[in-house]
Amino acid sequence: MPIPLPVSAGRWSVPGAPLLPRLLLEPTMSRDGVFDGAWWPRTNHLAAELPDLITALGAHFGRIVRVGLDSSAWDGVPRSVAANGLTIRINWFTGSDATISVTRGFQDHFLLLVVPPGTSAATASSAMAGASATGNRTPAAELLLG
């Protein structure tokens with residue numbers, strides 16, 4: 001069951017509960033589109049944001065072993081983060097600050113659109129819906145235009 005899309009840029013939470021990652025995954029996991037879903041982090045602080053994302057993705061995908069991202073889009077990218085009692089390696093690449101690659105197992109990659117933290121709720125909602133649509137083919141830059 002997908003998490004509802006945000007109606008405001010405010011906190012996505014239930015009072016008294018920890019904040020959940022703003023994440024929307026392609027419902028069939030058919031792997032037919034460009035993206036397997038979308039993530040809207042609250043900040044550019046990767047060490048604070050990534051462990052919760054890995055925990056949430058682990059519930060859907062299984063054990064996450066590696067994350068790949070464009071380090072220029074984040075503040076202070078560590079070599080690894082701890083999540084679920086495991087150390088997850090972080091690989092860096094350049095040229096696509098609007099994506100994050102998540103690897104489970106040996107070579108099983110999932111690609112998520114990353115909606116920048118300061119994005120308006122309307123644009124974020126539209127971009128996340130597009131990236132999580134079955135068979136999506138729209139490039140990241142176009143999805144993020146709103």
Side-chain angles (χ1 to χ4, degrees), residues 1-7 9 12-14 17-75 77-146:
M1 181 165 144
I3 296 172
L5 293 175
V7 293
W12 251 20
S13 67
V14 174
L19 291 177
L20 297 173
R22 298 181 293 191
L23 174 67
L24 193 60
L25 299 175
E26 192 276 320
T28 68
M29 295 313 298
S30 65
R31 317 286 295 272
D32 289 334
V34 173
F35 297 104
D36 299 299
W39 175 45
W40 185 21
R42 291 175 177 79
T43 70
N44 285 328
H45 302 287
L46 190 65
E49 297 285 344
L50 198 52
D52 290 337
L53 175 66
I54 291 169
T55 298
L57 290 175
H60 293 281
F61 298 154
R63 183 174 175 226
I64 305 299
V65 297
R66 187 177 310 116
V67 171
L69 50 84
D70 187 337
S71 61
S72 67
W74 301 96
D75 296 334
V77 177
R79 291 194 179 279
S80 63
V81 295
N84 298 331
L86 302 170
T87 300
I88 312 303
R89 288 186 18 208
I90 299 174
N91 293 341
W92 307 313
F93 55 85
T94 58
S96 186
D97 59 352
T99 64
I100 187 168
S101 171
V102 179
T103 306
R104 71 174 180 188
F106 184 63
Q107 290 290 322
D108 192 11
H109 303 283
F110 294 85
L111 187 65
L112 301 177
L113 173 74
V114 177
V115 178
T119 303
S120 73
T123 299
S125 179
S126 174
M128 292 177 78
S132 63
T134 302
N136 62 74
R137 297 277 179 235
T138 308
E142 194 174 322
L143 286 169
L144 293 170
L145 287 177

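All values below come from the heavy atoms of this structure, side chains included, with hydrogens, waters and symmetry mates left out.
Scanning both residues, Leu23 and Trp39, for their nearest heavy atoms gives CD1-CB, 4.3 Å. When every heavy atom of Ala124 is checked against every heavy atom of Val115, the shortest pair comes out as CB-CG1, 3.8 Å. Nearest heavy atom pair, residue Trp40 against residue Ala121, reads CH2-CA, 3.8 Å.
With values rounded to the nearest 0.5 angstrom, Leu113 atom CG is found 10.5 Å from Leu24 atom CG. Atom CG of Leu111 sits about 9.5 Å away from atom CD1 of Ile100, to the nearest 0.5 Å. Considering CG of Leu46 and CG of Asp75, their distance stands at 9.5 Å, rounded to 0.5 Å.
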Would you please test Val65 and Ile88 for side-chain contact (heavy atoms from CB on, under 4.5 Å) and show each step?
CA-CA 5 Å; Val65 297; Ile88 312 303; 6.0 Å; no
Begin with the C-alpha distance, continue with both residues' side-chain angles, and end with the deciding distance and a verdict on side-chain contact (heavy atoms from CB on, under 4.5 Å) for Trp74 and Ile90.
CA-CA 12 Å; Trp74 301 96; Ile90 299 174; over 6 Å; no
Check the pair Trp92, Asp70 against side-chain contact (heavy atoms from CB on, under 4.5 Å), reporting the backbone distance first and the verdict last.
CA-CA 6 Å; Trp92 307 313; Asp70 187 337; over 6 Å; no
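Taking Ser80 as the reference, Thr87 meet the side-chain contact (heavy atoms from CB on, under 4.5 Å) condition, with sequence neighbours excluded. Listed by chain and number, the residues in a side chain to side chain donor-acceptor pair (under 3.5 Å) with Thr55 are Asn84 (sequence neighbours excluded). Here Thr99 pairs with Ser96 under the side chain to side chain donor-acceptor pair (under 3.5 Å) rule; sequence neighbours left out. Applying the side-chain contact (heavy atoms from CB on, under 4.5 Å) rule to Arg66 yields the partners Arg89, Asn91, Thr103; only residues at least two apart in sequence or on another chain are considered.
For residues 113-142, there are no ring pair (Phe, Tyr, Trp, His ring centres under 6.0 Å) pairs, not counting sequence neighbours. Applying the salt bridge (Lys or Arg N to Asp or Glu O under 4.0 Å) definition to pairs two or more places apart or across chains, those involving residues 103-124 are Arg31-Asp108, Arg104-Asp108. Under the ring pair (Phe, Tyr, Trp, His ring centres under 6.0 Å) criterion, the residue pairs touching residues 107-146 are Phe61-Phe110, with sequence neighbours excluded.
Of the possible polar contacts, one joining the Ser132 side chain to the Met128 backbone as a donor-acceptor pair under 3.5 Å is found.
Thr123 and Ser126 form no side-chain donor-acceptor contact under 3.5 Å, judged by distance and modelled atom types alone.
Here the options are Asp52, Val67, Val102, the test is side chain to side chain contact (heavy atoms under 4.5 Å, CB included), and the partner is Leu57; only Val102 passes.
In this structure the side chain of Pro78 reaches within 4.5 angstrom of the side chain of Val81, judged on heavy atoms. Looking at heavy atoms from C-beta onward, Val77 lies in side-chain contact with Leu69 at the 4.5 angstrom threshold.
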List the atom pairs, donor and acceptor, that lie under 3.5 Å between side-chain atoms in residues 134-146 and the rest of the protein, sequence neighbours left out.
unit_1 : atom_1 : unit_2 : atom_2 : d
Thr134 : OG1    : Glu26  : OE2    : 2.4
Asn136 : OD1    : Val34  : N      : 3.0
Asn136 : OD1    : Phe35  : N      : 2.8
Asn136 : ND2    : Phe35  : O      : 2.9
Asn136 : ND2    : Ala131 : O      : 2.9
Asn136 : ND2    : Ala133 : O      : 2.9
Arg137 : NH1    : Asp32  : O      : 2.8
Arg137 : NH2    : Asp32  : O      : 2.6

